[in-house]
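Quick notes on the structure that follows.
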Amino acid sequence: QEQGSKSLQLSAAKEKCKADVVLMIGDSIGDYKAAQDAGAYFYPIIPKKEIQCWQMLYDTYFDMLVKRDYSEEIEERLLGEFKDSLVVIQ
């Protein structure tokens with residue numbers, strides 16, 4: 001991350017590409033926060049369900065993004081499952 005934080009990198013890429021829709025794929029809360037900061041959607045890779053997540057992205061969600069049907073409601077549902085899968089270390 002020599003070029004700054006993930007959110008700065010994502011924002012710069014979004015601006016440079018002049019993209020109106022950007023999807024951040026990640027496996028951490030930090031990735032989600034970077035997507036939020038950059039105004040991008042987030043697609044979580046859920047621990048212990050990595051293969052299924054990548055397959056669902058390929059089969060369903062990427063096409064939805066291209067067609068502009070990927071929504072905050074879908075993101076929130078996926079994010080809920082993602083957050084439920086995280087282990088809290090105390």
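Numbering starts at 1 and runs along the sequence shown.
- Across Pro47 and Leu86, no two heavy atoms sit closer than the pair CG-CD2, 4.4 Å.
- Rounding to the nearest 0.5 Å gives a distance of 9.0 Å between CD1 of Ile46 and CG of Asp84.
- Using a distance-only test at 3.5 Å, with no hydrogens or angles considered, no donor-acceptor pair links the side chain of Glu76 to the main chain of Ile74.
- The CZ atom of Phe82 sits 9.0 Å away from the CD1 atom of Ile45 when rounded to the nearest 0.5 Å.
- In the hydrophobic clustering of ILVMFWY residues, with side-chain heavy atoms under 4.5 Å counting as a link, Leu78 and Met64 come out together.
- Residue Met56 is grouped with residue Leu23 when hydrophobic side chains (ILVMFWY) are merged at heavy-atom distances under 4.5 angstrom, including chains of intermediate members.
- Atom-to-atom distance recorded for Glu75:CD and Gln36:CD is 7.5 Å, nearest 0.5 angstrom.
- Between the CD atom in Glu81 and the SG atom in Cys53 there is a gap of 6.5 Å [rounded to 0.5 Å].
- Partners of Tyr41 under the ring-ring contact (aromatic ring centres under 6.0 Å, His included) rule, at least two apart in sequence or in another chain, are Tyr70.
- Taken from OG1 in Thr60 to CG in Leu65, the straight-line distance is 12.5 Å, to the nearest 0.5 Å.
- Shortest non-hydrogen contact noted between Ser7 and Asp37 is CB-CB, 3.5 Å.
- The distance from atom CD of Glu50 to atom CG of Asp27, rounded to the nearest 0.5 Å, is 8.0 Å.
- Each of Tyr43, Trp54, Phe42 was compared with Tyr61 under the ring pair (Phe, Tyr, Trp, His ring centres under 6.0 Å) criterion, and only Tyr43 meets it.
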